[in-house]
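Report on the following structure.
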Amino acid sequence: MSCRTRFAPSPTGFLHIGGARTALFCWLEARHRGGEFVLRIEDTDRERSTQASVDAILDGMNWLGLAWDEGPVFQTTRFDRYRQVAEELVAAGKAYYAYETREELDAMRARQEAAGIKPRYDGYWRDRTDPPPPDRPRVIRFRNPTVGRVAWEDRVKGRIEISNEELDDLIIWRSDEHPTYNFAVVVDDVDMRISDVIRGDDHVNNTPRQINLYEALGAPLPAFAHLPMIHGPDGAKLSKRHGAVSVMQYRDDGYLPWALLNYIVRLGWSHGDQEIFSVDEMVRLFAIGDVNHSASRFDFDKLRWVNQHWMKHDDPARIAPHLEWQLRDLGLDPAAGPNPADVVVALRDRCHTLREMAEKARVWYAEFEAYDEQALARHAGGRARECLEAAHVELARLPQADWTPVAIDAALRRAAEAVDEGLGKVAQPMRIAMTGSAVSPSIDHTVFLVGQRRALARIERLLARLPTPAR
RNA sequence: GCUCCCUUCGUCUAGUGGCCUAGGACGUCGCCCUCUCAAGGCGAAAACACGAGUUCGAAACUCGUAGGGAGCGCCA
């Protein structure tokens, strides 16, 4: 059987980090083995499912670049099929009608909990042949085996075994004519010929009853792989405060999609000591069997480091479009300044996200408002005026074709020499002239990106503000 | 309560009985480099949850204990 995996979110929210990693692992396993990856939307719960969530999930998948080969398949389009299978099971004696009301079931559960035993359906209608009572809700329950054990070799966790005595006769068809989750999943996975069910380990407990369903349907069992959870930095469940926001929030915050993938692939999976993986490498090296058993915590510091790594080591031209997106998001016009790829080169050692990069790039796309007074006080006194004047002379002299960081560096060094000072004495006032502050990338790049005309104008602007020396 | 799962530096992890005086990475700290800020280089502190057992030998295997997580719906 060739490899077919699926990612099956329910559209009741956006795609968050946990879902994204599940999707990634499903996608990687399929790609690695040359198989197919199916996207299925589990929208049987009409109350909670929304179109907005469907769109949000699709957006997230697209942004991450996790392309699916089939789907999205909506479960709501398959109700006839679920009903047909449920009725076949009844006809085959593998499922039966039951007529309890919700209130009766709640009361049964309450009694069992009070008695300190695991709440389970008592099987009242399991073997009853009396005619159906009138005016009662009717559901279909699966006739779960009562003896024996269910076991499977989980591809992540190893052998897991549970006694059938722990299971009860689950409802597969609700009184409101909807299938239930555990049933729809199995019918879909069988029909879609899913070979590897990869999902969060909150589903381990569902697996044995699903296996029984497979067997009742006479369907071949897929391999199961249950992924450990991802927690927030504090070890608690991911909440809005930390990771449980939409993956799109990571785009807004300035993370590269492939950097986010690199970070999350290492949550629970590793390949020796390697930390950095391109998407191609992940596909080549990933194997679901190498995934860890234990939950992990989301660490923003490491994500930021990985993101910077990719900003530093990728082709700037590949980063530039993402920076442009951020510039626009800040209300800046990328056309009103230098080539964004050059900005990437100047700033990538100094920031961890594209957001920070765009904010720092502001001075090249718009005039800055005011000078940093503290910077002025520290660096604009002494011989700052002479240094700036010398720099102005040298920079004005540069032919346009020589407006490069290398030539600018040489020019500023000549200026420093002319006033008999170290480069630092020229660089700091220049920095203030260029950006208004005492912090910026190396002075040659800073000046280069401002552009020649604007650079000269900015020197003049600062000179005009400095007190005229008494001659 | 019952069932299932998990447990190596603060965090992500390497480790499949001797290569472990437990390795790497993020973060932290120190030094170097330096036109600011970074980045980079070098270095440091930092972990096998606990207890028994198996074995010549255990981070690794077994059993217990503790701690954490998940599930026990006509939710998914």
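So that the names make sense, note that chain A is the first sequence line, chain B the second, and so on, each numbered from 1.
- Comparing W305(A) and N292(A), the nucleotide of RNA chain B nearest to each residue sits closer to the 5' end for N292(A).
- Look at the C1' atom in both G10(B) and A46(B): the space between them is 9 Å, to the nearest Å.
- Only the P atoms considered, C48(B) is 16 Å distant from C12(B), to the nearest whole Å.
- D80(A) and Q84(A) share no donor-acceptor pair across their side chains, judged by distance under 3.5 Å alone.
- C6(B) and A14(B) are spaced 15 Å apart, taking the P atom of each and rounding to whole Å.
- Judged by the 6.0 Å and 45° rule, R128(A) forms a cation-pi pair with Y124(A).
- By the 30° and 60° cut-offs, the orientation of the rings of F300(A) relative to Y250(A) is parallel.
- When Watson-Crick and G-U wobble pairs are counted only if both distances are under 3.5 Å, U34(B) pairs with no nucleotide at all.
- Ring to ring, Y99(A) and W125(A) are close: their centroids are under 6.0 angstrom apart.
- The residue among M229(A) and R209(A) whose nearest nucleotide of RNA chain B is located toward the 5' end is M229(A).
- Rounded to whole Å, the C1' atom of U36(B) lies 32 Å from the corresponding atom of U11(B).
- Distances were taken from every side-chain heavy atom of R431(A) (C-beta onward) to each of C35(B), U3(B), C6(B); the shortest belongs to C35(B).
- Rounded to the nearest Å, the gap between the C1' atom of G41(B) and that of C33(B) is 8 Å.
- S440(A) comes within 4.0 angstrom of a base, heavy atoms only.
- C19(B) and G57(B) are spaced 14 Å apart, taking the P atom of each and rounding to whole Å.
- Ring geometry for H226(A) versus F224(A): interplanar angle under 30°, hence parallel rather than tilted (30 to 60°).
- Summarising the base pairing, G67(B) is matched to C6(B) through a Watson-Crick or G-U wobble pair whose two defining distances lie under 3.5 Å.
- Comparing C50(B) with C29(B), their P atoms sit 29 Å apart, to the nearest whole Å.
- The nucleotide A22(B) finds no pairing partner, because no Watson-Crick or G-U wobble arrangement with both distances shorter than 3.5 Å includes it.
- On the P atoms, A70(B) is 42 Å away from G43(B), given to the nearest whole Å.
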